[in-house]
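Read the numbers this way: they start at 1 and go in the same order the structure lists the ligands and their atoms. Quick note: residue numbers are just sequence positions, from 1.
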Amino acid sequence: MYFAFATSDAMRHLDDELPRFVAAANDRGHRADICVWDDPAIDWNSYDSVVVRSCWDYTGRREEFVAWARSIPSLHNPADVIAWNTDKVYLREFAKSGTPVIDTYWDVQRDDDIGEHSEWVCKPSISAGSRDTARWSSREEVYAHSAALVAAGRTSMVQPYVQSVDTDGETAMIFLGGEFSHAIRKSQLLHKGEGADVDRNGRETITPRAPTAAQHEVAAESLAVVSRILSLNEPLLYARVDLVTASDGSPLVIELELTEPSLFLAHSEDSAGILIRALDS
Ligand SMILES: Nc1ncnc2c1ncn2[C@@H]1O[C@H](COP(=O)(O)OP(=O)(O)OP(=O)(O)O)[C@@H](O)[C@H]1O
Ligand SMILES: [Mg+2]
C-alpha cells in the first residue's frame, strides 16, 4: 500500500513522529511519503490512505483545512471528525452526554458569571499548542482577555483553573485502531502571571503514566460518545483523550484530540507499528 503522512511546512520540524510512521510502514512492506497538506503539487489520489499528522498551522485558517480534508479520498481521521474536532465548541455537545468535562463559560463579556474561583483559564476555541491561552487570577483580566478574543471574531472559553494540574499534570490516553495503547503525563504548562502572548513549545515534560480505572472508564466512554455523535461505523485510527483531575479526585475531560495529536510514540513499544497494522488490515 501507499500512505501519506500529512504535516505542515512551518511545523514539520517539531514533529519527530513522522519518521517513525514512515519506518513502520516500510517495515510492513508499504511505501510512505511525508506531505505538506497545502502543497498544491501533491496528487492525493495516488495514496491508499492519507493520515493527518502535524498540520498544526491550520488554526488561523481552519475552513481551508476542513475543505482540504473533505477533498481527500481516504483520510484518517475522516473529514467529519476533523470538522467537528478542530473547534472546541464540540465540548458543548459532548458535555450533554453527561461525560465529565471542565466547566466552561462561553464568550464571556464584562460582569458575566464566571463562578467563584481563585484562578481561571481563558482560551480561544480554535487553538493548538496553547496559543493565545492564559491563566489569570483576577476577574478583570479574564474579562479583558475574553473580550479581546470575541472582538477578534473568535469564540472564547473561560474555565476554572484546575489546580491539580500544577502537581499532577494532565493525563493523555492514546488509542490506536480503537484500542487503548498507552498513556503519558504532561506537566503543567501555564505559569501564573505570564499572560497569553507566550510561545510554550517544548515547555512541558512528558513521562509515562499508568491510568487509573476511573480514567480508563471516562476515556472509553468519551470515545463511545464521539462515535455516537458522529455516527462512526468504525473505530478512529488514532485518538487521544486528555484528562485532568477534579478536586474530588474524579477525571474531567479537558479535550479530545482527534485531529493532529502528538501520540507520544516514544513512550510505547511499537505504537507506530500498531497504527500501520490498523491501517492495512
Ligand atoms: N482549565 C484548565 N485548568 C488547568 N490547566 C489548563 C486548563 N485549560 C488549559 N490548561 C492548560 O493549558 C494547556 C493547553 O490547553 P488546551 O489543551 O485546552 O488547549 P490547546 O491549545 O489545544 O493545547 P495543546 O495543543 O497544547 O493541547 C493544557 O495542556 C493545560 O496545561
Ligand atoms: Mg491540550
Side-chain angles (χ1 to χ4, degrees), residues 8 10-11 14-15 17 52-60 62 65 82 84-92 94-95 100-106 108 114-137 141-142 145-146 149 154-174 183-207 209 219 222 238-247 250-264:
S8 52
M11 313 240 187
L14 296 173
D15 183 356
E17 303 192 333
V52 177
R53 297 309 315 141
S54 33
C55 305
W56 296 322
D57 62 352
Y58 76 82
T59 54
R62 173 177 168 265
F65 181 61
I82 285 169
W84 186 76
N85 183 243
T86 41
D87 186 333
K88 290 190 181 83
V89 294
Y90 69 76
L91 285 172
R92 289 173 128 151
F94 177 77
V101 176
I102 302 179
D103 286 339
T104 306
Y105 304 88
W106 301 89
V108 161
I114 53 172
E116 295 296 323
H117 305 285
S118 57
E119 291 183 279
W120 294 264
V121 169
C122 180
K123 54 191 172 187
S125 69
I126 302 174
S127 182
S130 76
R131 279 193 290 282
D132 302 321
T133 295
R135 168 179 180 173
W136 303 112
S137 49
E141 288 168 314
V142 174
H145 185 180
S146 178
L149 291 173
R154 305 176 77 177
T155 298
S156 127
M157 302 169 67
V158 171
Q159 300 176 332
Y161 185 83
V162 177
Q163 297 292 334
S164 66
V165 172
D166 286 353
T167 48
D168 199 32
E170 190 178 343
T171 300
M173 298 185 58
I174 291 115
I184 58 97
R185 171 193 193 275
K186 187 194 270 194
S187 63
Q188 165 253 40
L189 212 59
L190 309 178
H191 296 177
K192 285 186 195 195
E194 68 180 354
D197 193 15
V198 183
D199 179 358
R200 303 189 180 93
N201 271 323
R203 177 184 274 186
E204 69 266 27
T205 306
I206 306 294
T207 45
R209 165 162 281 178
S222 298
Y238 54 83
R240 205 181 85 200
V241 180
D242 288 350
L243 302 171
V244 295
T245 304
S247 54
S250 62
L252 289 174
V253 173
I254 175 166
E255 65 171 329
L256 305 169
E257 290 263 14
L258 313 178
T259 303
E260 29 56 12
S262 293
L263 296 171
F264 304 108

_Give the residues near ligand 1 by chain and number, with the criterion being a heavy-atom distance under 4.0 Å._
Lys88, Ile102, Val121, Lys123, Ser127, Ala128, Gly129, Ser130, Gln159, Pro160, Tyr161, Val162, Val165, Glu170, Lys186, Leu189, Leu190, Ile254, Glu255, Glu257
*Would you confirm whether Trp120, through its side chain, and Ile114, through its main-chain N or O, come within 3.5 Å as a donor-acceptor pair?*
yes
*Is it true that Glu194 and Arg200 make a salt bridge, defined as a side-chain N closer than 4.0 Å to a carboxylate O?*
yes
*Can you tell if the side chain of Tyr238 reaches within under 4.5 Å of the side chain of Ile174, non-hydrogen atoms only?*
no
_Pair Lys192 + Asp166: basic N to acidic O under 4.0 Å_ = no
_Donor-acceptor contact below 3.5 Å, side chain Arg240 vs main chain Phe264_ = no
*Everything protein-side that's N, O or S and under 2.8 Å from the Mg ion (ligand 2): list it, residue and atom.*
Glu255 OE2
_Salt bridge present between Asp242 and Lys186 (N-O < 4.0 angstrom)_ = no
_Closer than 3.5 angstrom, by distance alone: can the side chain of Thr155 be matched with the main-chain N or O of Ser125 as a donor-acceptor pair?_
no
*Any donor-acceptor pair under 3.5 Å linking the side chain of His117 with the backbone of Gln159?*
no
*Compare every heavy atom of Arg62 with every heavy atom of Thr86, then report the nearest pair and how far apart it is.*
OG1-NE, 2.7 Å
